[in-house]
Amino acid sequence: MPYVGVVLRSHAGGYLVHVSGHGEDREQSHTDSGRVLFCQARGRLKKERVAIVTGDSVEVDEVDEGAGTAVITAQLPRRNLLERPTLANVDQVVIVQAVKQPDFSPLWCDRYLVHFQLELPVSKPVLCFNKCDLVDDFDLETLRSIYEPLGYFVIFVSAVTGAGIEELSMALSGRISVFAGPSGVGKSSILNELSPELDLKTGVMENDFGVGRHTTTASELYRLRLRGDPPTTLTWVADTPGFNLYDFLHPEPKDVAFQFPEIEALKQNCRFTDCLHLVESGCAVLLALQKCEDEDGEAPPALPDGPSPSETISLSRYASYVTLVQESLACKEESRSVSKKVESTVKSVGGEAKAKSIPRLNQRYRFTSRRKEKQDLRNICKTDKERQGGDQAGDESEGDRD
Ligand code: GDP
Ligand code: ZN
């Protein structure tokens, strides 16, 4: 009879799997708190190249209690799969930012929001602001007034004083959450505060690769034993490496607005449907921005006869929006030039006589690239669609396609 378990991380050519109970009766499995076994994937799974990742639910068999080992016999269907970081079956993402040390950066906060909204569209990220002991309430309320009206669940905590930790516990209990945020904002400190026996190392350290605790992109699930959780409750959290700028997903420039609820709400009233909300010509977003500026300040509170929250936009959010659109445009431009380069390489390899094979070779190239850089691929495909639209008469590949 197989057991079911959750993959905590890969380890020494196998996996550490938290095994919680018999596969036949999953409810029953929650009456014990389980144990961690070192598992190899069954040969068949390896042969079929089934990729097992952290967070996967798996069936295990051939449990050797003494040795603490077992064999993974099947990977159960996934609810979702995040790519960066690679994690399966995530319930929610908690974006952790410090309000100070390092100074709060609205742009980085919004980058994380957009990235994880794209990665896990079914669940709005939770915003956790740490180091609240270092600023006064006014600063916290300013942050709240920006993000709460947009529908984000905002939690203020301090890993030093313990403030807000209980509220955060309640949001995490019984779920699989991802902690994401820049290095040094206090993710490990918060996890230790939530579940002291984790005893994670804290503090930014120097290492051979520069400053920073993390040197790999591997993700690991930690079990949190939250105060207030019954011993059988399984609460999991994945601490993730800090992101570099190129790790973030870029939507199409015109789709960036989807990721900003306040812009999404306003854009119906723009004069042009393809408005990027960057230059004034009947743009409802810029009009709202103007109004907010006139009323002096960021995210003005809704006045009785003033604009409702859905009609306002804070300056910092708009600034993030503009930067993200610019980054998407740049990313698209880069993919376009990569795509061109590939086409010219393939062409020179194939020679004039083999011109007909070019599109197929291109497809093959793109398939590889899909594995490596999913987002790049999206942009490349988009570029090609546009080309097929015929707006680039001078493009050599145009003729090769028919
Ligand atoms: P991580 O890289 O996000 O995991 O951050 P760490 O947990 O390693 O914390 C980075 C630094 O911030 C450490 O020196 C912590 O002591 C400090 N720190 C973490 N949380 C707080 C907090 O709530 N208040 C203050 N004042 N310092 C904190
Ligand atoms: Zn507009």
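As the structure lists them, so they are numbered: ligands from 1, and atoms in each ligand from 1.
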Task: NZ or CZ of Lys124 within 45° of Phe153 ring axis and under 6.0 Å - done: no
Task: Side chain, backbone, both or neither: the part of Asp239 lying under 4.0 Å from ligand 1 by heavy atom - done: neither
- [ ] Check the side chains of Asp229 and Ser173 for a donor-acceptor pair under 3.5 angstrom, ignoring hydrogens and angles.
- [x] yes
- [ ] Pick, from Lys100, Lys201, Lys131, the option with the minimum heavy-atom distance to atom 11 (C) of ligand 1.
- [x] Lys131
Task: Heavy-atom proximity to atom 27 (N) of ligand 1, best of Leu200, Val160, Leu191, Val96 - done: Val160
Task: Nearest non-hydrogen partners of Cys270 and Val285, listed with the distance - done: SG-N, 4.2 Å
Task: Residue pair Gly162 / Glu193: nearest heavy atoms and the distance that separates them - done: CA-OE2, 3.8 Å
TODO: Indicate the ring-plane relationship of Tyr321 and Phe260, choosing parallel, tilted or perpendicular according to the 30° and 60° boundaries.
DONE: perpendicular
TODO: Look at the aromatic rings of His115 and Phe243 and report parallel, tilted or perpendicular, splitting at 30° and 60°.
DONE: perpendicular
Which of the numbered atoms in ligand 1 are under 4.0 angstrom from any heavy atom belonging to [X]?
{"X": "Asp133", "answer": "22 (C), 23 (O), 24 (N), 25 (C), 26 (N)"}
{"X": "Val185", "answer": "3 (O), 5 (O)"}
{"X": "Ser158", "answer": "23 (O)"}
{"X": "Ser183", "answer": "2 (O)"}
{"X": "Leu134", "answer": "26 (N)"}
{"X": "Thr202", "answer": "7 (O), 8 (O)"}
{"X": "Lys187", "answer": "1 (P), 3 (O), 4 (O), 5 (O), 7 (O)"}

Do [X] and ligand 1 have an N or O pair less than 3.5 Å apart?
{"X": "Gly186", "value": "yes"}
{"X": "Ser188", "value": "yes"}
{"X": "Val157", "value": "no"}

Task: Step-by-step ring pair (Phe, Tyr, Trp, His ring centres under 6.0 Å) determination, Tyr112 to Phe248 - done: CA-CA 8 Å; Tyr112 274 95; Phe248 291 100; 5.1 Å; yes
TODO: Write the atom name of the N, O or S atom in His277 that is nearest the Zn ion (ligand 2).
DONE: ND1
Open item on the list: Nearest 0.5 angstrom please: Arg225 CZ to Leu198 CG, how far?
Closed with: 9.5 Å
TODO: Please lay out, stage by stage, how Leu221 and Ile176 fare under the test side chain to side chain contact (heavy atoms under 4.5 Å, CB included).
DONE: CA-CA 8 Å; Leu221 279 187; Ile176 300 184; 4.0 Å; yes
